Amino acid sequence: MKNTNPVFKVKSFATKQSIKLSEKTMVKTASASNFLTDLADVFLFIVQFFRETFSRNFEFREFLRQCFQIGYKSLPLISITGAIIGLVLTIQSRPVLIKFGAVTMLPGMVAISLIREMGPVITALLCAGKIGSGMGAELGSMKVTEQIDAMEVSSTNPMRFLVVTRIWAAIIMIPLLILYADAFGILGSWAGANIKGDVSFFLFFSQAFSNVKFMDFLPAVIKSFFFGAVIGFVGCYKGYNAGRGTESVGVAANSAVVLASLLVIIVDMVAVQITDMLTS
Amino acid sequence: MNTEQTEQSDINSPSKTTNEAVIEIKNLKKSFGQQEVLKNVTLKLLKGENLVVLGKSGSGKSVLIKCIVGLLKSDSGKIDVFNKNVNILNRKELDELRQKIGFLFQSGALYDSMTVKQNLEFPLRRIKKDLTEKEIEEKVTEVLENVGLADALHKMPSQLSGGMRKRISLARTIVVDPMIMLYDEPTTGLDPVTSDEISALIIEVQKKYKTSSIIITHDIKCARKTANRMVMLAEGEVLLEGKTADFENSTNPIITSFFQ
Ligand SMILES: Nc1ncnc2c1ncn2[C@@H]1O[C@H](COP(=O)(O)OP(=O)(O)OP(=O)(O)O)[C@@H](O)[C@H]1O
Ligand SMILES: [Mg+2]
């Protein structure tokens, strides 16, 4: 213990570190083999969610508060991005359409690509970042600082109070945010069309929507609900199951964003396949 | 709040204890993975008494009381609270039982997104559902005055100091008049004056509401003041159980290092 020889110190430091490192790898391999139990955990989480949703005491006030947090607080971000996407899409497609002599198709084309794909996916990815990470961090820190335990002992079901309200708020608000983004996208597109040309807003709008059919709308709306569900579930699951210690809050928030974004893309792919099968 | 008063109540309170056990723990065992935290713990909390649990850091004191309220599931052994086995209760029965138990978390566990007022109202509205708005307000003011923080009503937890958080969290625990109180280090990190006040408050709660309490603490001064009985945990087992005097006369080196 009392050895002050620097070489000895370095050596003992090195052994300590290598022990720590090997412990970490052991933990890693152990967690890899726990894949199946993780899967069971996720399944249980989803089952619990549905059971608590249909229990008698739905936490309506907390649900409204979450709708406000998720919906209203995201409006600035979604408006700006929506408008810019519409604008950029218009400016980019214009020269190509001119080449083919089809410039009159511009509003319709932009509207369709916004409503079918760009609006939903980009909004969902933004929400995965903003809302998913927010849920992961908030619930994670509540878990780490024992606030979830505190709720439990004051005979409040934290699953019902925290998780069910957040997931339903996400399922309902994210599709609304997506419609909102579509609207701002078309506004942005009109602005883009006006940089080089001169189209009245009314004409632009009627041109845009004369091309959009109900079957462009419906699949997009349906998949929006799934985006909302994916973001809500992942954010809450990661936060609610955060480990002990403050670093796990960061881990929860980060992995919530990564997994939610990935799942949004995958859900989108599946949705497109299904729509394609059903409509062709 | 002066020492005379607290000493007096210390002498008075043991006479009120009866031999009826409100919590009875038998051969409790709890491990996390490879680590055996509690190996074999057997103890009783009698009605109306203050039981101080001592033990060095990491000896499993917090784990013990979390097992009592069912936040952690014990591996084996039996925990009876009001003659009900905690391990076999369903969610609803457990909720009913928990309404009678106050739990002060070591970390405070104040809800970050709520003001002090909302923090205190949260358990009140959920446990005592028949209170009117006026009664809730009165109750909140009363407990805040008890912990000496009446002016913190509209603050957010992030605006409070560590000691203030601890006191608010104590207020949130006692606001529902629980029959059993589990204090996890109520005076840690507080200055000596506030510590004494908290110790006095613990005794006052015991006398006023006839609560039975388990008090986990490293603070020997607080332990001496509040204890009717003490228990020392070491190596996952009960090392010694007895009155304050038994601990002071003990020759076990772990115990003497606490009591010098
Ligand atoms: N949920 C958990 N998962 C894994 N290990 C845990 C968990 N809770 C506690 N432990 C471990 O159990 C041991 C005892 O923890 P506990 O918090 O009960 O100690 P304590 O006696 O309260 O200490 P302190 O006086 O420092 O609060 C520690 O080694 C801790 O790492
Ligand atoms: Mg502890």
Side-chain angles (χ1 to χ4, degrees), chain A residues 23-24 26-27 29-31 33-34 37 44 47-48 51-52 55-62 64-66 68-70 73 134-135 137-162 165-166 169 239-240 242-246 248-249, chain B residues 32-34 62-63 65-72 81 86 89-114 118-129 157-158 165 168-170 172-176 178 180-182 184-185:
Chain A
E23 273 172 357
K24 266 188 194 160
M26 292 226 324
V27 169
T29 40
S31 66
S33 72
N34 280 346
T37 51
L44 266 178
V47 169
Q48 242 182 35
R51 209 180 53 206
E52 296 304 336
S55 72
R56 265 177 305 136
N57 311 313
F58 188 77
E59 304 276 356
F60 200 71
R61 278 185 54 163
E62 178 68 12
L64 288 183
R65 205 177 73 87
Q66 287 307 323
F68 177 77
Q69 289 282 340
I70 291 175
K73 295 254 170 102
M135 285 176 177
E138 193 186 6
L139 295 187
S141 75
M142 288 188 80
K143 172 87 179 199
V144 169
T145 58
E146 299 178 314
Q147 291 173 51
I148 290 184
D149 286 345
M151 253 175 210
E152 187 126 9
V153 294
S154 23
S155 62
T156 298
N157 188 333
M159 190 77 192
R160 193 182 299 158
F161 187 81
L162 299 171
T165 52
R166 278 172 174 73
Y240 199 74
R244 288 151 50 81
T246 36
S248 41
V249 177
Chain B
F32 295 102
Q34 304 282 320
S62 302
V63 170
I65 57 170
K66 281 185 185 167
C67 287
I68 293 175
V69 289
L71 282 176
L72 291 173
V81 182
V86 175
L89 294 182
N90 65 26
R91 174 104 215 172
K92 195 158 159 271
E93 294 166 325
L94 195 58
D95 271 351
E96 273 164 21
L97 188 64
R98 281 170 175 168
Q99 298 187 353
K100 300 178 192 150
I101 305 177
F103 194 113
L104 174 67
F105 285 86
Q106 189 169 359
S107 59
L110 291 178
Y111 305 127
D112 289 328
S113 58
M114 304 183 195
Q118 288 165 332
N119 259 286
L120 294 176
E121 285 173 351
F122 190 89
L124 261 185
R125 287 187 199 281
R126 274 151 199 283
I127 293 177
K128 309 223 147 173
K129 293 199 174 93
S158 56
R165 282 161 156 261
I168 297 293
S169 149
L170 179 59
R172 188 181 67 184
T173 317
I174 60 179
V175 76
V176 288
I180 297 178
M181 279 290 310
L182 307 171
D184 199 344
E185 309 200 359

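Naming: A, B, ... by sequence-line order, numbering from 1 per chain. If you're wondering where the values come from, they're calculated on a predicted model, not measured in any experiment.
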Using a 4.5 Å cut-off on heavy atoms from C-beta on, say whether the side chain of A/Gln147 contacts that of B/Phe105. no
Any side-chain heavy atom of A/Val153 within less than 4.5 Å of one from B/Leu71? yes
In plain terms, say whether A/Glu152 and B/Lys66 are close enough for a salt bridge, that is, a side-chain N and a carboxylate O under 4.0 Å apart. no
dist A/Asn157:CG -> B/Arg126:CZ (nearest 0.5 Å) comes out at 10.0 Å
Select, from B/Ser113, B/Gly108, B/Ser107, the one with the greatest count of heavy-atom pairs under 4.5 Å involving chain A. B/Ser107
What residues of residues 89-97 of chain B sit under 4.5 Å from chain A when only non-hydrogen atoms are counted? B/Arg91, B/Asp95
May I ask you to name which of B/Thr173, B/Val69, B/Ile127, B/Val176 has the most heavy-atom pairs under 4.5 Å with chain A? B/Ile127
Considering only heavy atoms from C-beta outward, does the side chain of A/Asp149 approach that of B/Phe103 to under 4.5 Å? no
Minimum heavy-atom separation for B/Tyr111 to A/Ser154, with atom names? OH-OG, 3.7 Å
